[in-house]
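Down below is the structure, laid out as structure tokens.
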Amino acid sequence: MRTLAKNLATYVGREVTVKGWVNSRRDHGGLIFIDVRDHTGIVQLVIQPEQVDAFAQAEGLRDEFVVSASGLVRERAEELRNKNIDSGDIEISVQQIVILNRSNALPISLNEEQFTNEESRLRYRYLDLRRQKMQLMLSRRAKYYKYMRDYMEAQEFTEVTTPILANSSPEGARDFLVPSRVHQDKFYALPQAPQQFKQLLMVGGIARYYQIATCFRDEDPRADRLYGDFYQLDLEMSFVEDGEEVRAAMEPLIKNLVTDFAGKKLVTENIPRIPYTEAIERYGSDKPDLRFGMELIDLSNALENTEFGVFKNAISAGGAVKAICVTGAATLSRSQIDHFTTIAKSEGAGGLAYITLEDNEIKSPIAKFLSESERTEILDKTGLKEGDAVFFGADSRQIVNKVLGRLRNEFADHFNLKDPNQVALAWIVDFPFYERDTATKKIDFGHNPFSMPKGGLAAFDEPLDDAKKLAIIADQYDMVMNGYEICSGAVRNHNPEVMYKAFSVLGYDTKYVDEKFGAMIGAFKYGAPPHAGCAFGIDRIFMVLSNEENIREIVAFPKNGSGVDVMMNSPSTVDPSQLKELGFK
RNA sequence: GGGCUCGUGGUGUAGAGGCCUAACAUGCCUCCCUGUCACGGAGGAGAUCGCCGGUUCGAAUCCGGUCGGGCCCGCCA
């Protein structure tokens with residue numbers, strides 16, 4: 001990648017001036033070598049003692065000094081070439097060196113192998129960015145943006161920027177609030193997404209909108225989730241009543257990003273559509289990693305008459321017994337099994353029952369509780385083979401899916417089933433419109449109140465009991481990439497009548513809807529076209545395509561896990577006069 | 001809000017009751033060195049082991065608290 005010296009090859013025999021940082025200095029007493037680094041690469045300077053002034057300057061150089069060096073570009077003699085590095089064939093015989101700036105010894109290591117802790121790297125991010133990996137990341141990221149823009153423009157999407165100073169939205173994440181000076185006691189909020197604006201653009205007759213949008217959310221971060229601000233490729237299409245149109249419009253971009261841009265392989269060319277409930281039942285997750293199988297197998301029927309108490313109790317309580325078959329897991333040690341048991345318990349399981357097949361014989365602490373027919377049935381359903389192990393979950397269906405879904409992931413990590421060169425994409429579709437809050441037991445919007453319920457107004461036909469409410473499907477879809485949610489979208493509810501109905505089911509009257517979503521619901525009364533869209537989390541996609549597991553690695557200036565920018569020291573206190581101006585005491 | 005985990009010279013690590021007056025690598029400083037390329041050689045400086053308290057004859061090491069980082073749960077329409 002570093003090609004400065006290669007570029008200089010065409011200048012052999014000519015005088016040049018190079019400017020950059022001292023990458024390393026090798027002082028042989030009577031002869032000094034300096035590697036100079038700029039954004040394109042490295043070149044070796046040779047300073048002979050005959051060049052008295054330059055030599056004196058070179059003796060005083062230290063790592064990361066900024067220099068300008070002039071001299072003759074020459075090919076190295078055959079025995080002096082270094083075949084191991086790009087810059088090994090030429091060098092500059094220096095006549096003059098000017099120190100443009102000096103540098104203290106660096107507080108972090110720029111050596112790619114000796115990794116400094118993240119806290120220091122973030123504190124000195126301006127130095128960390130000098131590392132080749134970070135340089136490459138930033139230039140790749142710029143190309144990534146261009147790649148997306150080129151595609152969207154070719155598909156005749158119109159880029160529209162929407163306000164950063166917007167309104168607090170009652171649903172969803174915590175807002176960042178901005179006090180208004182002109183209108184005291186009132187606040188702007190930074191948008192969690194341009195959701196309402198883009199829907200208003202549809203009403204405004206923008207047929208296809210897109211934007212690389214900054215989104216702001218005041219929620220605790222994760223390794224794959226930035227604190228504060230992040231970016232979405234946000235888009236919306238009018239006169240679309242079927243989400244399939246949106247999915248079809250965007251699939252080529254994502255597939256090309258995987259193959260052409262990132263040089264990875266798609267696990268399947270055809271991207272599966274998996275209904276939400278099916279994803280939960282088969283993979284124990286609404287964002288399954290499909291690079292490997294290990295599906296959850298329902299044994300509730302096969303074991304309905306079992307004598308094994310744990311299974312029996314789960315089934316009779318209306319729960320489920322499910323299992324995953326893990327190839328090669330019979331060799332797991334006792335302590336490894338304990339490790340996975342701890343994980344299972346952390347997800348709510350009481351324990352982790354398992355059986356293994358070794359020497360064509362089922363071995364297990366629970367084997368004695370299983371009848372011959374039950375063993376046969378388990379073998380048959382799970383496909384347990386010599387050397388494998390089957391792990392069971394027995395509890396409420398929800399907990400069983402959660403536990404086994406987590407274990408499926410952990411086992412895949414343990415057995416190295418996640419090929420970094422492969423990308424598995426899937427659309428998860430048909431999310432529940434309403435869900436019951438596990439804590440309050442109350443029914444609330446599952447994901448997004450702006451989605452169209454499948455069936456429209458007919459979805460709310462009386463009689464409408466809780467079971468029927470919970471069965472309503474939202475025309476909503478997520479895209480999943482290697483176990484990460486990378487996109488969320490929906491056919492929107494553009495019909496005021498359906499909108500009021502969707503809220504009234506939860507006990508909210510029209511006044512509430514008008515107050516909270518006035519602009520949007522008002523706009524829908526003036527001929528809103530049906531529309532649908534989605535938003536891709538482009539930081540996360542770039543992270544996956546870059547083989548990174550920490551999203552901060554692919555952002556120039558990220559906040560740390562506490563929402564602090566340790567380099568700029570934000571958030572910070574402000575001048576009392578600023579507060580006074582805003583009406584604070 | 002909760003759980004787990006980490007905190008030792010500038011950086012990365014070792015040390016897990018007495019071997020520690022804290023080791024190694026790298027970086028830094030001084031000197032030597034004309035073909036190195038992460039140059040080499042000799043010497044040197046640099047750490048009250050995050051902080052506070054406790055247990056103990058004795059604590060970097062054990063315990064409690066606290067602060068800070070990381071991962072996870074909650075949360076993320």
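The sequence lines fix the lettering, A, B, ..., with proteins before strands; numbering per chain opens at 1.
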Does the pair Glu410(A) and Arg406(A) meet the rule for a salt bridge (charged side-chain N to carboxylate O under 4.0 Å, His left out), with working shown?
CA-CA 6 Å; Glu410(A) 297 287 338; Arg406(A) 171 77 188 275; 2.9 Å; yes

Going by an N to O cut-off under 4.0 Å, is there a salt bridge joining Arg225(A) and Glu219(A)?
no

Complement of C4(B), any strand, by Watson-Crick or G-U distances under 3.5 angstrom:
G70(B)

Does Glu91(A) get its side chain close enough to the base of G35(B), under 3.5 Å, for a donor-acceptor pair?
yes

Within the structure shown, what part of the strands sits under 4.0 Å from Arg552(A) by heavy-atom distance: base, sugar-phosphate, or nothing?
sugar-phosphate

For the side chain of Asn550(A), counting heavy atoms from C-beta on, which of C37(B), C71(B), G35(B) is nearest?
C71(B)

Map Gln196(A) and Lys402(A) onto RNA chain B by nearest heavy atom, then report which one ends up closer to the 5' terminus.
Lys402(A)

Any N or O donor-acceptor pair linking the side chain of Arg121(A) to the base of G10(B) at under 3.5 Å?
no

What integer number of Å spans the C1' atoms of G18(B) and C73(B)?
43 Å

Would you say OH of Tyr188(A) has more than 12 non-hydrogen atoms from neighbouring residues, nucleotides or ligands within 6.0 angstrom?
no

Side chain of Ile85(A) (C-beta onward), nearest among U11(B), G69(B), A38(B):
A38(B)

Check: Asp430(A) main-chain N/O paired with Gln476(A) side-chain donor or acceptor under 3.5 Å
no

Hey, does Ser346(A) reach any base, or is it just sugar-phosphate, or nothing, if we go heavy atoms under 4.0 Å?
nothing

When rounded to the nearest Å, what value does the distance between P atoms of C62(B) and A16(B) take?
10 Å

Quiz question: going by heavy-atom distance under 3.5 Å, is there a donor-acceptor pair between the base of C29(B) and the side chain of Arg62(A)?
no

Can you tell me the distance, in whole Å, between the CG atom of Asp63(A) and the C1' atom of C37(B)?
13 Å

I need the residues from residues 216-223 of chain A with at least one non-hydrogen atom less than 4.0 Å from RNA chain B; give them sorted by number, or say none.
Arg217(A), Glu219(A), Asp220(A), Arg222(A), Ala223(A)

Measuring from the side chain of Gln44(A) (C-beta onward, heavy atoms only), which nucleotide among C28(B), G69(B), U36(B) has the closest atom?
U36(B)

May I ask you to verify if any side-chain N or O of Ser109(A) is less than 4.0 angstrom from the OP1 or OP2 atom of U26(B)?
no

Base-pairing assignment for A23(B) (Watson-Crick or G-U wobble, both under 3.5 Å):
U13(B)

Checking all strands, does Arg540(A) fall into the base, sugar-phosphate, or nothing category for heavy-atom contacts under 4.0 angstrom?
nothing

Any donor-acceptor pair under 3.5 Å between the side chain of Arg76(A) and the base of U36(B)?
yes

Take Lys19(A) and Asp38(A), measure what salt bridge (charged side-chain N to carboxylate O under 4.0 Å, His left out) needs, and give me the verdict at the end.
CA-CA 7 Å; Lys19(A) 299 180 186 186; Asp38(A) 72 2; over 6 Å; no

With the side chain of Ala173(A) defined as its heavy atoms from C-beta on, choose the nearest nucleotide among C76(B), U34(B), C37(B).
C76(B)

Heavy atoms from C-beta onward define the side chain here; which of U11(B), G69(B), U34(B) lies closest to that of Gln48(A)?
U34(B)

By the Watson-Crick or G-U definition, both distances under 3.5 Å, G64(B) is matched with C52(B)

Determine: side-chain N/O of Ser24(A) to OP1/OP2 of C39(B), distance under 4.0 Å, yes or no.
yes

Using the salt bridge (charged side-chain N to carboxylate O under 4.0 Å, His left out) rule, take Arg125(A) and Asp128(A) through it: C-alpha gap first, then chi angles, then the decisive distance, then the call.
CA-CA 5 Å; Arg125(A) 191 59 142 186; Asp128(A) 192 47; 2.8 Å; yes

Between U36(B), A38(B), G70(B), which nucleotide has the shortest distance from any of its atoms to the side chain of Phe33(A)?
U36(B)

Could you tell me whether the side chains of Arg26(A) and Gln44(A) share a donor-acceptor contact shorter than 3.5 Å?
yes

Before accepting this row, confirm whether a basic side-chain N of the pair Asp63(A)/Arg25(A) lies closer than 4.0 Å to the acidic partner's carboxylate O.
no

Nucleotide nearest Pro107(A) when distance is taken to its side chain, options U34(B), C33(B), G10(B):
G10(B)

Arg123(A) side-chain N/O to G68(B) phosphate OP1/OP2 under 4.0 Å
no

Mind checking if Asp444(A) touches a base, just sugar-phosphate, or nothing, with heavy atoms under 4.0 Å?
nothing

Looking at the side chain of His28(A), which of U11(B), G68(B), C39(B) is the nearest nucleotide?
C39(B)

Which word best sums up how the rings of Phe503(A) and Tyr508(A) line up, parallel for under 30°, tilted for 30 to 60°, or perpendicular for over 60°?
perpendicular

Think Arg26(A) has a side-chain N or O under 4.0 angstrom from the OP1 or OP2 of C39(B)?
yes

With a 4.0 Å limit, can you tell me whether Asn82(A) has a side-chain N or O closer than that to the phosphate oxygens OP1/OP2 of C37(B)?
no

